[in-house]
Trainee: 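The following block contains the structure, expressed as structure tokens.
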Amino acid sequence: MQVALNELAALRVLRRPAGITSVCSAHPIVLRAALRHGRDHSSTVLIEATCNQVNHRGGYTGMSPANFAALVLRIAQEERCPENLIVLGGDHLGPSPWRDRAAEEAMAEAEKMVAAYVAAGFRKIHLDASMGCMGEPAGLNDETTAHRAARLAAVAETAARRAGSAMPVYVIGTEVPPPGGADHALTAIEPTAASAARRTIEVHRRVFAESGLMEAFARVIGLVVQPGVEFGNHNVIRYDRSKIDALKQVLDDEPQFVFEAHSTDYQGASSLAALVEDGFSILKVGPELTFVLREALYGLDLIASDLVPGYGERPLYATMEALTLAHPEHWSRHYHGTEDEQRWLRHYSLSDRIRYYWVAEQAQSAVARLCGALAGKFIPLPLFWQHMPAAERFSDAPFDPQEVLIWRVTRSLAEYHAACGGAR
């Protein structure tokens, strides 16, 4: 089912709630799985890049927005996914990557980034200027946040007109804790207060009007709020719809909007469906998809260790362990405890910070060696039962490693698709 972003609020008003899955990943296998799934179901494929992951200076992936867009479109062509199904989005676009600098300098970089995103064809823009820069509080007040968001929206509007293409739609607001999961075991997460959500909308509406940007504000489709879901390194806080009655009323009073829910990873089918029914029409997922991809790769690493003479004892795992130890900057501030606890977190934490390492040459070489070792092999059923029981249907036939990786990611995407209305 193809649903346009600007249709979500109207469908909610009509009591026909629908949702869209926002795939937040730059991993080519995840992108391929999402595009193939969208092709097979003729459904919207919303793919988003974050400000730290992709920006005009390369981000941690080394990709600019134009590079990322080209990667998505190349894979789409290979998968024969129609381009009209694809929507590219930019997540948390604001000064966050440069918040160690003075505000004006950080905002100047954010303006360049937003312009690059829009010029590259990104049409869903999450304006997030809520994090303080050098010398400022960690979280800014609504007034300052709204003024900076309006400044970035003006840049996006100009870039879209210059490109002569469709004007962007916007999402405003942010959520706490920051995206990507918490660093500790969680017991509860309080949903956003209805009063806070109303104030975010009211202040942004006023500031955009004062800035002459009401045409842009009319294209603000969503508000990021905290529905009370989150995941930490060890556990998941699942959705409790009994806690958001007052928050849901905001959407009844503001029919222009739907809610955007971040960190919905690991929620499961019933929680995801309840979120969509309650107005959280945009469901963002990222770490779960690379977590299950890593799960599949490690399963295949075990199978190859048992099956292929000379392959070695879990060489992919060993490579990733060496790589994360040599470059601890992506995990050391997030994983705590004893050496043994940090070791298993490096590989199995729900926040999946190992995802930052798959772009490294050593990791890619180890994955290529694994796939080469198993390609075309006939893997016995008992080995799947031992290491990847759910994948038993791939046994006793010429094996294509990429297909099992895509299959594993697609299992998670299918839960989101059903929750968003794809099974109706």
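Given the structure is predicted, the values throughout are model-derived calculations rather than measurements. Only this structure's heavy atoms are used, side chains among them; waters, hydrogens and symmetry mates stay out.
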Trainee: Check the side chains of Thr264 and Tyr416 for a donor-acceptor pair under 3.5 angstrom, ignoring hydrogens and angles.
Mentor: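 Side-chain D/A pair, Tyr416 to Thr264: present.
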Trainee: Near Glu83 CD, under 6.0 Å, is it more than 12 heavy atoms from other residues, nucleotides or ligands?
Mentor: no
Trainee: Does either side chain, that of Ser412 or that of Glu288, offer a donor lying less than 3.5 Å from an acceptor on the other one?
Mentor: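 Glu288 and Ser412 do have a side-chain donor-acceptor pair below 3.5 Å.
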Trainee: Looking only at side chains, do Asp240 and Ser242 share a donor and an acceptor under 3.5 Å apart?
Mentor: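 Short answer, yes.
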Trainee: Quick one: does Ile201's side chain get under 4.5 Å of Val250's, heavy atoms only?
Mentor: yes
Trainee: Looking only at non-hydrogen atoms, find the nearest pair between Pro168 and Arg219 and report the distance.
Mentor: O-NH1, 2.8 Å
Trainee: So, do Tyr357 and His327 have ring centers that fall under 6.0 Å from each other?
Mentor: no
Trainee: Under a plain distance cut-off of 3.5 Å, with no hydrogens placed, do Ser349 and Asn233 share a side-chain donor-acceptor pair?
Mentor: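 Note: Asn233 and Ser349 side chains meet the donor-acceptor criterion.
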Trainee: Can Tyr266 and Glu230 be counted as having a side-chain donor-acceptor contact under 3.5 angstrom?
Mentor: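 Absent: no donor and acceptor within the cut-off.
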Trainee: Please work out which of the three classes, parallel, tilted or perpendicular, describes the rings of Tyr298 and His347, given edges at 30° and 60°.
Mentor: tilted
Trainee: Quick test of your reading of the model: are Glu277 and Arg15 salt-bridged, counting only N-O distances below 4.0 Å?
Mentor: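 Salt bridge absent between Glu277 and Arg15.
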Trainee: Within a strict 4.5 Å, meaning less than it, do heavy atoms of the Val118 and Ile125 side chains meet?
Mentor: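 Val118 reaches Ile125 side chain to side chain.
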Trainee: Go through the side-chain N and O atoms of Glu109 and His56 and say whether any donor and acceptor fall under 3.5 Å apart.
Mentor: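 Indeed, the side chains of Glu109 and His56 share at least one donor-acceptor pair under 3.5 Å.
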Trainee: Give me the atom names and distance for the closest heavy-atom approach of Tyr335 to Leu345.
Mentor: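 Nearest heavy atoms, Tyr335 then Leu345: CE1-O, 3.3 Å.
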Trainee: Among side-chain atoms of Asn55 and Tyr117, is any donor-acceptor pair under 3.5 angstrom?
Mentor: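 Absent: no donor and acceptor within the cut-off.
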Trainee: Cut-off 3.5 Å, no hydrogens considered: what does the side-chain donor-acceptor table look like for residues 387-395, sequence neighbours left out?
Mentor:
from   : atom 1 : to     : atom 2 : distance (Å)
His387 : NE2    : Asp306 : OD2    : 2.7
Glu392 : OE1    : Trp385 : NE1    : 3.1
Ser395 : OG     : Glu392 : O      : 2.8

Trainee: Do we see a donor-acceptor contact under 3.5 Å between the side chains of Gln249 and Asp245?
Mentor: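 No, no side-chain donor-acceptor pair sits under 3.5 Å.
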Trainee: Could you verify whether a donor N or O on one side chain and an acceptor N or O on the other, from Asp340 and Thr338, lie under 3.5 Å apart?
Mentor: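 No donor-acceptor contact under 3.5 Å links the two side chains.
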Trainee: Go through the steps for Arg32 and Gln402 under the test side-chain contact (heavy atoms from CB on, under 4.5 Å), then give the verdict.
Mentor: CA-CA 10 Å; Arg32 191 173 297 277; Gln402 180 169 265; 3.9 Å; yes
Trainee: Once you measure the plane-to-plane angle for Tyr239 and Phe280, does it fall in the parallel (<30°), tilted (30-60°) or perpendicular (>60°) bin?
Mentor: perpendicular
Trainee: For the residue pair Thr145 and Asp142, confirm or rule out a side-chain donor-acceptor distance under 3.5 Å.
Mentor: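 Side chains of Thr145 and Asp142: no pair found under 3.5 Å.
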Trainee: Run the ring-centre check on Trp331 versus His336 and record whether the distance is less than 6.0 Å.
Mentor: no
Trainee: Got a donor-acceptor contact below 3.5 angstrom from the Arg151 side chain to the Arg148 backbone?
Mentor: no
Trainee: Side-chain donor-acceptor pair under 3.5 Å between Ser96 and Arg99, yes or no?
Mentor: yes
Trainee: Between the side chains of Thr61 and Gln53, is a donor N or O closer than 3.5 angstrom to an acceptor N or O?
Mentor: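 Looking only at side-chain atoms, Gln53 and Thr61 do not form any donor-acceptor pair under 3.5 Å.
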Trainee: Only pairs under 3.5 Å count here: list side-chain donor-acceptor contacts from residues 254-261, not counting sequence neighbours, and write none if there are none.
Mentor:
from   : atom 1 : to     : atom 2 : distance (Å)
Glu254 : OE1    : Arg205 : NH2    : 2.7
Glu254 : OE2    : Arg205 : NH1    : 3.3
Gln256 : NE2    : Phe217 : O      : 2.7
Gln256 : NE2    : Val220 : O      : 2.9
Glu260 : OE1    : Lys124 : NZ     : 2.8
Glu260 : OE2    : His262 : NE2    : 2.7

Trainee: May I ask you to check whether His37 and Trp407 place their ring centres under 6.0 Å from each other?
Mentor: no
